[in-house]
Trainee: 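Questions regarding the structure given below will be posed in turn.
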There are 2 protein chains.
Amino acid sequence: MAGSDRPTSRDVARAAGVSQATVSLVLGGKWRGRVSERTADAVRRAAGELEYRPNLAARSLRLGRTRTALLVVPALTHEYFARVYTGAARVADEHDFGVVLYPSPEGTGPARDPFGSARAAIDGVIASSMAADALSGIADGGLPLVMLDSGPGAAGGPPTVDLAVADGIRQVVRHLVGLGHRRITHLAADVDTWTFRVRAQTVREELAGVAGAELATERCELDVGPARAAAVRALTAPGRRPTALLCDGDVLAAGACKAARGLGLRVPDDVSVSGFDDLSLATALDPELTTVRLPAEDVGARGMSALLALLDGAPTPPTELPVHLIPRASTSPPPTD
Amino acid sequence: MAGSDRPTSRDVARAAGVSQATVSLVLGGKWRGRVSERTADAVRRAAGELEYRPNLAARSLRLGRTRTALLVVPALTHEYFARVYTGAARVADEHDFGVVLYPSPEGTGPARDPFGSARAAIDGVIASSMAADALSGIADGGLPLVMLDSGPGAAGGPPTVDLAVADGIRQVVRHLVGLGHRRITHLAADVDTWTFRVRAQTVREELAGVAGAELATERCELDVGPARAAAVRALTAPGRRPTALLCDGDVLAAGACKAARGLGLRVPDDVSVSGFDDLSLATALDPELTTVRLPAEDVGARGMSALLALLDGAPTPPTELPVHLIPRASTSPPPTD
DNA sequence: CCCCTCACGTGTTACGTATAACGTCCGGGT
DNA sequence: ACCCGGACGTTATACGTAACACGTGAGGGG
């Protein structure tokens with residue numbers, strides 16, 4: 001039957017006994033002072049009866065806007081980015097916006113043309129944890145752009161939403177120092193993005209102010225295996241063994257824990273391990289990880305809000321979201337020995 | 001400059017000295033025998049110069065199809081579903097298709113109306129791990145539908161892509177039995193979907209054929225905390241303690257490991273633990289989990305292929321993908337004691 | 001009594017694309 | 001000489017919506 005053909009605004013108009021233009025006005029919400037309350041009600045009722053849904057393609061064509069945003073993330077399989085998406089999608093949904101993801105092969109940035117024919121038409125872009133130059137194509141294209149976790153941009157640049165990463169690292173360092181740790185190795189992700197640069201720098205700065213502090217650094221890829229290898233290097237390096245491993249992420253911390261156990265060391269009795277991100281992994285491990293909770297959903301949500309504001313021409317001041325240390329079982333005072 | 005307004009097919013036509021219709025023919029690929037090679041080349045060259053991209057809204061309006069699929073997943077923050085998405089997006093991309101996700105608040109199925117704003121914009125739906133009745137609205141709406149991980153459908157029903165879950169469970173049971181285990185507790189997810197029903201049933205069936213086998217079952221929510229509690233119950237239940245915990249997922253296995261350690265038991269020396277899914281979590285834990293690897297990306301990819309076939313009116317036979325046991329360190333022969 | 005204004009709608013158009021329905025030119029068969 | 005048909009394009013139209021620019025009465029001020 002006709003169940004498959006969806007009703008158009010003209011069908012609604014016919015049912016309500018008005019013209020298509022009136023339907024558009026009423027349902028578009030811009031009818032105040034142009035259509036009587038009675039007529040508007042009739043239109044709305046007819047639309048309800050027919051289960052009318054506006055044809056988005058036609059609307060987009062007419063308006064030149066699609067109410068769709070592109071979210072660029074390095075890898076959706078990383079829980080952090082999945083959560084960023086979730087937050088962004090929630091806010092988008094509240095504003096009748098859609099979100100499409102940049103289908104990037106794991107880890108690659110938007111090297112491919114995001115305006116390729118396949119991708120949905122886009123009103124704006126939200127890019128997370130991208131090197132700024134990786135987005136030059138988008139900026140040149142004149143598309144509204146919001147950057148997440150990329151550091152405070154230059155004035156006049158795209159709006160930004162950042163986490164207080166430096167503060168988070170400071171909390172970790174103070175936590176460790178407060179427990180009595182002085183020999184600390186920073187297990188650093190070998191990734192050249194703002195967030196990791198800030199972490200490295202903050203660890204240095206914060207520890208520089210502590211008497212007797214000794215900082216070492218081991219770099220590795222952002223994965224368990226490499227982290228384990230790096231932690232082994234850290235724990236078997238010549239000189240006195242570090243009493244704490246400060247890791248750039250929970251995933252690295254997991255590797256560090258494996259390394260410690262492999263060397264016959266107990267966590268946290270012989271060596272403390274701290275993470276970052278507070279992924280579900282943090283409480284799946286045993287001992288549970290002391291880590292820093294990142295409000296990933298909020299990052300996505302604020303990013304989407306910023307984009308919506310930008311599209312409205314509203315001012316979009318840079319945002320920085322606070323982060324919090326979550327002390328758990330993987331850190332304790334260093335061995336007295 | 002005019003850099004912001006994108007060129008239309010008419011602009012290309014003007015540049016190439018032909019009509020808009022010819023541009024559409026050439027770029028649409030249906031010009032054989034209707035347009036000379038020379039002209040076609042001129043059109044393509046002009047399109048290249050102007051960096052012409054067809055307006056997708058206009059195309060969708062004209063064709064009544066959007067080249068976009070909706071992927072419904074319970075929760076993107078579960079690594080399995082993120083990987084399903086990745087696979088689906090890859091195939092979609094290869095066919096100039098887009099994928100949008102159903103923006104479902106964690107865990108809820110399409111309780112909200114998937115036709116809200118999205119329906120107009122999609123050509124079909126891929127639903128993963130859904131209870132069949134949760135999708136009645138979609139089926140009724142006449143939208144092409146493919147179901148993932150929902151079991152072989154009735155003939156005439158929507159195409160399906162499933163994992164050989166039963167075989168995976170059989171491999172685990174045989175692995176444990178082969179190691180010598182007889183008292184096994186199944187840590188079962190308290191979720192009423194096909195995949196988990198099959199697992200419970202298969203464990204029963206497979207163990208029924210083993211002399212002296214004793215099967216117990218503990219149900220819990222699909223999370224670390226509840227799993228830990230359930231595992232504690234299992235390990236402290238009256239009677240002889242099980243020597244192996246067969247878990248319905250790596251997440252549950254993580255909880256089981258924590259429970260064991262909390263009770264002073266070593267994994268795998270005192271109790272073996274097996275997982276399912278082979279998430280990155282499986283190798284982040286210590287000991288690494290014996291588990292079953294699920295080709296999540298393939299599930300998504302095959303699902304998208306099936307949907308594309310369905311849209312082409314091609315036959316779409318049910319698919320079942322094989323799974324493989326990955327033996328690791330969390331299982332060993334039971335204590336001889 | 002006439003015209004202006006306001007309240008309430010309607011006719012029409014354009015958005016950019018794909019395609020059905022037409023030309024037009026030209027060589028060849030009869 | 002006439003018609004036919006293939007090769008090569010073009011003209012015109014529809015998709016469904018939003019919004020501009022007009023009607024059209026009714027009521028009121030002058």
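What you see is a predicted model, and the numbers here were worked out from it, not measured in a lab. Any value given below was found using the heavy atoms of this structure, including those in side chains, with hydrogens, waters and symmetry copies removed.
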Trainee: Looking at T22(A), does any N or O in its side chain come under 4.0 Å of the phosphate oxygens OP1/OP2 on dC8(C)?
Mentor: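 The answer is no; no side-chain N or O of T22(A) sits under 4.0 Å from OP1 or OP2.
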Trainee: Look at all strands and tell whether V18(A) reaches a base, only sugar-phosphate, or nothing, counting heavy atoms closer than 4.0 Å.
Mentor: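 Sugar-phosphate contact only - V18(A) comes under 4.0 Å of backbone atoms but never of a base.
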Trainee: Which residue lies toward the 5' end of DNA chain C, G17(A) or V23(B), if each is placed at its nearest nucleotide?
Mentor: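 Here G17(A) is the residue nearer the 5' end.
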Trainee: Could you go over nucleotides 12-16 of chain D and give all protein N or O partners under 3.5 Å, atom names and distances?
Mentor:
none

Trainee: Could you tell me the separation between the CZ atom of R34(B) and the C1' atom of dT10(D), rounded to a whole number of Å?
Mentor: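 Checked: the CZ to C1' distance equals 10 Å.
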Trainee: Measuring to OP1 and OP2 of dG9(C), would you say a side-chain N or O of S36(A) lies under 4.0 angstrom away?
Mentor: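 Yes, S36(A) has a side-chain N/O under 4.0 Å of OP1/OP2 on dG9(C).
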Trainee: What I want to find out is whether R90(B) reaches E94(B) closely enough, with some N-O distance under 4.0 Å, to be called a salt bridge.
Mentor: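 Looking at E94(B) together with R90(B), the answer is yes, because their closest N to O distance falls below 4.0 Å.
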Trainee: Whole angstroms only, please: what is the CG-P distance between L50(B) and dG16(C)?
Mentor: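 One finds 14 Å between P of dG16(C) and CG of L50(B), rounded.
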Trainee: Where the side chain of K30(A) is concerned, which of dA19(D), dG9(C), dT10(C) is the nearest nucleotide?
Mentor: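 Among the listed nucleotides, the one closest to the side chain of K30(A) is dA19(D).
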Trainee: Provide, to the nearest angstrom, the distance between the CG atom belonging to L25(A) and the C1' atom belonging to dC20(D).
Mentor: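 To the nearest whole Å, that distance equals 11 Å.
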Trainee: From CZ of R14(A) over to C1' of dT17(D), roughly how many Å is that when rounded to an integer?
Mentor: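 Value for this atom pair: 15 Å.
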Trainee: Is the shortest distance from a Lys or Arg side-chain nitrogen in R14(B) or E49(B) to a carboxylate oxygen in the other one below 4.0 Å?
Mentor: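 Salt bridge between R14(B) and E49(B), a charged N being under 4.0 Å from a carboxylate O: no.
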Trainee: Does R53(A) offer a backbone N or O that forms a donor-acceptor pair with the side chain of R6(A) under 3.5 Å?
Mentor: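 The answer is yes, because a donor-acceptor pair under 3.5 Å joins these two groups.
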Trainee: May I ask you to decide whether E37(A) forms a salt bridge with R44(A), counting only side-chain N to carboxylate O separations under 4.0 Å?
Mentor: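 Yes, E37(A) and R44(A) are salt-bridged.
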Trainee: Assess whether a salt bridge exists between D41(B) and R38(B), defined as any Lys/Arg side-chain N lying under 4.0 Å from an Asp/Glu carboxylate O.
Mentor: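 Salt bridge flag = no for R38(B) with D41(B).
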Trainee: Let's see if you can work this out: which of dT17(C), dT10(D), dT17(D) has an atom nearest to the side-chain heavy atoms of S24(A)?
Mentor: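 Looking only at side-chain atoms, S24(A) lies closest to dT17(D).
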Trainee: Just call it for T39(B): base, sugar-phosphate, or nothing, with non-hydrogen atoms closer than 4.0 Å on any strand.
Mentor: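 Sugar-phosphate, backbone atoms only, no base.
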Trainee: For the pair made of CZ in R67(A) and C1' in dT17(D), what is the distance, rounded to whole Å?
Mentor: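 Rounding to the nearest Å, CZ of R67(A) and C1' of dT17(D) are 14 Å apart.
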Trainee: Are there more than 12 heavy atoms of other residues, nucleotides or ligands under 6.0 Å from atom CZ of R83(A)?
Mentor: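 Counting other residues, nucleotides and ligands, CZ of R83(A) exceeds 12 neighbours.
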Trainee: Rounded to the nearest 0.5 Å, what separation is found between the OG1 atom of T8(A) and the CG atom of D11(A)?
Mentor: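 Here the rounded value is 4.0 Å.
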Trainee: Please report the distance, rounded to the nearest Å, between CH2 in W31(B) and P in dC8(D).
Mentor: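 After rounding, the reported distance stands at 10 Å.
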